[in-house]
Protein chains: 2
Amino acid sequence: MSTDNKKKKAATCGQVIIHDEIVKRVQQNMPEEDNLYDLADLFKVFGDSTRIKIIWALFESEMCVCDIAYLLNMTQSAISHQLRVLKAAKLVRNRRSGKTVYYSLADSHIKQIFEIGMEHITEE
Amino acid sequence: MSTDNKKKKAATCGQVIIHDEIVKRVQQNMPEEDNLYDLADLFKVFGDSTRIKIIWALFESEMCVCDIAYLLNMTQSAISHQLRVLKAAKLVRNRRSGKTVYYSLADSHIKQIFEIGMEHITEE
DNA sequence: TAAACATATGAACAATTGTTCATATGTTTA
DNA sequence: TAAACATATGAACAATTGTTCATATGTTTA
């Protein structure tokens, strides 16, 4: 059965390339276009060290904008803009208490993702 | 012990904000600056749908540049540029066989990260 | 109600990024 | 060795992104 190595011409370069079955499997297993974009957008949010730091701070405790700006030594405006991005990605929530707005993590997966990411960058 | 709610002025906005202990814990648990940048850079690589698609295709099998370009319906050049990025991030390897260069995944963590990411974007 | 204050936000700007186009490089084959 | 071919890569360009600056919004307090 696996001795039968059927090959298929790939349109682009006209070379004999992948097995038909692999093409099919890739097309079957590839998630929906929409999901792929959403996934890329999620990682894009993680792809900035300011946002990574904000999230890492929030691992410890909920905090107001001012706290985060202080801890990261950045302007309130810069932090506020980034919190907006994090909120749009549903990674943080906020609650207002008087003048102060407290932010906290909204997703339990984040820590896992960061830990696995850390494994990758430290193991090589 | 926890009745003693010592608070500390945060330099930036002059408001009474976080407990001293939280500030300390954040500073202790925050990874090295270098690692934070590397982590952000890793996620930056995942933050593009073309690269996500390439990786997803490689989940199935190793493939040459031409295969990937065909499957993703993109130019060889665009794929080649992106494979370079993936390789710099140590996410893929390649081997040459004659004129053809085959790429494959170099890291076992990727699938986990993608799966957790997918959970996040689909659960809301 | 005016002043003080925490936060949000729009515009501007520099920096980064993804794709295309043209072409170089490396390998095989006639 | 020249032609064919798969891949890599530099330059250019449009698009996206992060921060700053100025200021608006929302809440409290005197």
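By convention in this document, chain letters (A, B, ...) are assigned in the order of the sequence lines, proteins followed by strands, and residues within each chain are numbered from 1. All heavy atoms count here, side chains included; hydrogens, waters and symmetry mates do not.
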Rounded to the Å, how far apart are A:Leu86 CG and C:dT7 C1'? 16 Å
Secondary structure of DNA chain D in dot-bracket form (Watson-Crick or G-U wobble, distances below 3.5 Å, | marking inter-strand pairs): ||||||||||||||||||||||||||||||
Looking at C:dA8, C:dT19, D:dC5, which one has an atom nearest to any side-chain atom of A:Ser80? C:dA8
Whole Å only: how far is the NZ atom of A:Lys87 from the C1' atom of C:dA8? 11 Å
Nearest-nucleotide comparison on DNA chain D, the residue closer to the 5′ end among A:Arg51 and A:Ser97: A:Arg51
Does some side-chain heavy atom of A:Ile68 sit less than 4.5 Å from a side-chain heavy atom of A:Leu83? yes
Go through the N and O atoms of the side chain of B:Ser77 and the base of C:dC21, and report whether any donor-acceptor pair is under 3.5 Å. yes
Whole-Å gap separating C1' (C:dT7) and CD1 (A:Ile54): 14 Å
Do you know the tightest heavy-atom contact between A:Leu105 and A:Arg93? O-NE, 4.3 Å
B:Asp48 CG - D:dA15 P separation (whole Å): 16 Å
When you get a sec, tell me which of C:dT7, D:dT17, C:dG26 is the closest nucleotide to the side chain of A:Lys44? D:dT17
Return the nearest nucleotide to the side chain of A:Ala78; candidates are D:dA8, C:dT7, D:dT20. D:dT20
Output yes when a side-chain donor or acceptor of B:Thr75 lies under 3.5 Å from a complementary backbone atom of B:Ala78, and no otherwise. yes
Nearest-Å distance for atom pair CZ/P, residues B:Phe46 and C:dG18: 14 Å
For the residue pair B:Lys53 and B:Leu71, establish whether any side-chain heavy-atom pair is separated by less than 4.5 Å. no
Without decimals, in angstroms, what is the distance between B:Lys99 NZ and D:dT7 C1'? 11 Å
Here the distance between atom P of C:dT7 and atom OH of A:Tyr102, to the nearest Å, is 8 Å
Whether B:Thr50 contacts C:dT19 is assessed here as follows: a side-chain N or O lying under 4.0 Å from the phosphate OP1 or OP2. Is that the case? yes
Using heavy-atom distances to pick each residue's nearest nucleotide on DNA chain D, tell me which of B:Val101 and A:Gln82 is more 5'. B:Val101
So, using ring-ring contact (aromatic ring centres under 6.0 Å, His included) as the criterion, who are the partners of A:Phe43 when residues are at least two apart? B:Phe46, B:Phe114
At less than 4.0 Å, is any side-chain N or O atom of A:Arg84 found next to OP1 or OP2 of C:dT7? Yes or no. no
CZ/B:Phe59: more than 12 non-hydrogen atoms of other groups inside 6.0 Å: yes
Is there a side-chain contact between B:Val101 and B:Arg95 in this structure, where contact means two heavy atoms from C-beta onward sitting under 4.5 Å apart? no
Establish whether the base of D:dT20 is bridged to the side chain of A:His81 by a donor-acceptor pair shorter than 3.5 Å. yes
Whole-Å distance between D:dT19 C1' and A:Lys53 NZ? 13 Å
